[in-house]
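Working notes, beginning with the structure itself.
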Amino acid sequence: MAFPERPTLTLRGCRIYQKALSREEQVRMLEALRRVITSAPFFSPTTRFGKQMSVKMTSAGKYGWYSDARGYRYEEKHPCGQPWPPIPEEVLNIWHGATGLDRTPDCCLINLYRDTAKMGMHQDRDEADFTWPVLSISLGDAGLFRIGNEDRGGKTESIWLESGDVLVMGGPARLLHHGIDRIRPGSSTLLPKGGRINLTCRVVD
Ligand code: SIN
Ligand code: MN
């Protein structure tokens, strides 16, 4: 696919490409993700403090993001002991189109939000080099994305990310705090059981 040259919107330096994926492309991406999830099923990570996260996760690529009592980190294997499946071609095409980079990402984290799932404000800072951007793809129900500052607290801004939206956090936006306050259940028919899937691709090493 030809990726749009310009973002439809920029929010605090995050480039947002609304509806960058057609419905057909979203369906194809979901089919590719189904194959990933069959070999690397979703699991519920816990925080360092032992609290179960409301979002279910799995990954594709050389590394998967993981969290338990030992903290946040990247792992080379799914908790079942198998290596993570490769990142689907459909996702890599969006990465190259939106970032313009030749380098492929090491990790594609797949987050599943159902019903009341949310994600608290955090920075993505478990990677070695923050000059590489983070790419996010939203599928399914809309999610209320909140973006803040490099330091914790302060004023924030929010935007509903809808199915097919692509967001790039790079440059000065790379370390901004961000999170998902809530999803809007029933706002998309893409996922048969409802909910929202968000993919985030990152260079880890
Ligand atoms: C994340 O920050 O890992 C996920 C963001 C999102 O779900 O849009
Ligand atoms: Mn994040």
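Every number for a ligand or one of its atoms is a count from 1 in the order of the listing. Computed from a predicted model, the values in this text were never measured in an experiment.
Partners of His78 according to the ring-ring contact (aromatic ring centres under 6.0 Å, His included) rule, which considers only residues two or more places apart in sequence or in another chain, are Phe43, Trp84.
Using a cutoff of 4.0 Å between basic side-chain nitrogens and carboxylate oxygens, Glu127 and Arg174 are scored as salt-bridged. The pair Lys118-Asp181 does not count as a salt bridge, with every side-chain nitrogen at least 4.0 angstrom from each carboxylate oxygen. A salt bridge links Asp205 to Lys62: at least one charged side-chain nitrogen sits closer than 4.0 Å to a carboxylate oxygen.
The shortest heavy-atom contact between Lys19 and Asp165 is N-OD1, 2.7 Å.
Cation-pi geometry between Arg184 and Trp160 is met: under 6.0 angstrom from the ring centre, within 45 degrees of the axis.
Counting only protein N, O or S atoms, the number found under 2.8 Å from the Mn ion (ligand 2) is 3.
At distances below 3.5 Å, at least one donor-acceptor pair connects side-chain atoms of Ser163 with backbone N or O atoms of Gly140.
Residue pairs meeting the ring-ring contact (aromatic ring centres under 6.0 Å, His included) criterion with at least one partner in residues 119-144, sequence neighbours excluded, are His122-His178.
The contact shell of ligand 1, taken as protein residues with any non-hydrogen atom closer than 4.0 angstrom, comprises Asn111, Tyr113, Met119, His122, His178, Ile180, Arg196, Asn198, Arg202.
Separation of the Phe3 and Tyr17 ring centroids falls under the 6.0 Å cut-off.
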